[in-house]
Amino acid sequence: MTPPTTGHAVSLRGLTKVFGGQTVVDALDLDVDSGEFFSLLGPSGCGKTTTLRMIAGFSDPTAGQVLVGGEDVTSTPPHRRDVNTVFQSYALFEHLDVRRNVGFGLRRKGIDKGEIDQRVGEMLELVELGDRVRDRPAQLSGGQRQRVALARALINRPKVLLLDEPLAALDLKLRHAMQAELKSIQREVGITFLFVTHDQDEALSMSDRVAIMNGGVIEQCGTPEDVYENPTSVFAAGFIGTSNLMPGVYASGTVAVTSDLRIPVPGHTTSVDGDQVSVAIRPEKIWMSDFTPAMVQTPGTIVSTSYHGATTQYLVSVGTGITLTVLEQNLPRMRADDRWNAGDRVEIGWLPEHAVVLR
Ligand SMILES: Nc1ncnc2c1ncn2[C@@H]1O[C@H](COP(=O)(O)OP(=O)(O)O)[C@@H](O)[C@H]1O
Ligand SMILES: [Mg+2]
């Protein structure tokens, strides 16, 4: 085993879970830094909850280690681990009021009443529920219940807070508001958040770093910008945002997608001539008109347009069997009819560095 490095709030070493012969978490290695907002992002069933449960101690790993603050806690029972969990269901005590829900963990530890009252007060201040102390959970909205769960989990000042899709039950507007709030609470308390979500938008907007999980393995780990701009696998490119994915053959600095579409991929060094690869280009990186001389250009025909308010999405055919998605901002226009229509012949272009080679 690699010796633990100080400064890691959570480290996983070869963490594995097998259910009935099926490996659902497959030898995960991961280091989450102290104070980091870290997201595990992946589709339903990829092993996120199972991973969190092993970190919390609710599920025993089939193999591997869990370290919290550099200490091996693999055999430590859940209540002795310096972590707390916010579940998707919130799991509030319905018969207790807000104050008693939040103070529950401290009362169980036998901390004196004066200190409990003070810390509960601070926590309710932090989550802006100071005026709801006497309410039962049933009297609260979804967003408020979520805040109670958060306050209850943070009051013990754990080294790490594990959050399993805590915003999934909220409607879109409230979810966006809570994302911003959760992030600012995390900054304020300085506790490491390990956040699980299947929502790529949520992971990108909240996290210091994101690990993209698929089929029990981490496919890529990096900052939001890094995983979006430089995906390293076909899965990552397709799961985060949308990508135009084109299979082709690598040949001396280009990828031949069709006989008349060769895409330059400067700086790419890990393929050799003849390799089967894919090229990914993000829809918003492709422009129609307004080219710089450094752009790669190719003619195409608009197949369809769909209007999305702030943006318009075009499908553009660029030769045999290749249709690219192009996303344009609906900027202020000189004329109202200054948009493309199906059947229009266009030139499209992109900067060479925006064509990413995937294997
Ligand atoms: N207790 C269990 N027994 C058997 N299979 C399980 C159990 N818990 C989870 N699984 C399976 O493990 C896989 C990963 O599940 P889970 O970790 O809940 O995924 P996620 O949280 O990413 O949606 C799924 O195929 C799920 O059916
Ligand atoms: Mg889950």
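Read the numbers this way: they start at 1 and go in the same order the structure lists the ligands and their atoms.
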Hey, does T51 come in under 3.5 Å of ligand 1, counting only N/O atoms on both sides?
no
Using side chain to side chain contact (heavy atoms under 4.5 Å, CB included), reason through Q179 and K183 one step at a time and then give a plain yes or no.
CA-CA 6 Å; Q179 286 168 5; K183 171 110 189 170; over 6 Å; no
Taking S243 for its side chain and A237 for its backbone only, find out whether a donor-acceptor pair lies under 3.5 Å.
yes
At what distance is the nearest protein heavy atom to atom 14 (C) of ligand 1, and which residue and atom is it?
G45 O, 3.4 Å
Checking R262 side chain against V257 main chain: does a donor-acceptor pair fall under 3.5 Å?
no
Numbering as shown, the atoms of ligand 1 that approach T49 to under 4.0 Å (heavy-atom distance)
17 (O), 18 (O), 20 (P), 21 (O)
Output yes when the distance from some N or O of ligand 1 to some N or O of F19 is under 3.5 Å, and no in every other case.
no
When you measure from the Mg ion (ligand 2) to the N, O or S atoms of T50, does any of those distances fall below 2.8 Å?
no
Just to check, does G42 reach to within less than 4.0 Å of ligand 1 when the distance is taken from its heavy atoms?
no
With a 3.5 Å cut-off and no angle check, do the side chains of N214 and E219 form a donor-acceptor pair?
yes
Measuring centre to centre across the rings, with the benzene-like ring taken for any Trp, is F104 within less than 6.0 Å of F93?
yes
Under 4.0 Å from atom 19 (O) of ligand 1, is there at least one protein heavy atom?
yes
Quick one: do the T242 and R282 side chains pair a donor with an acceptor below 3.5 Å?
no
Ligand 1 versus V24, non-hydrogen atoms closer than 4.0 Å: side chain, backbone, both, neither?
side chain
I'd like to check atom 9 (C) of ligand 1 in this structure: does the protein have a heavy atom lying under 4.0 Å from it?
yes
How far is atom 16 (P) of ligand 1 from its nearest protein heavy atom, and which residue and atom is that?
T50 OG1, 3.6 Å
Do F37 and F195 make the cut of ring centroids closer than 6.0 angstrom?
yes
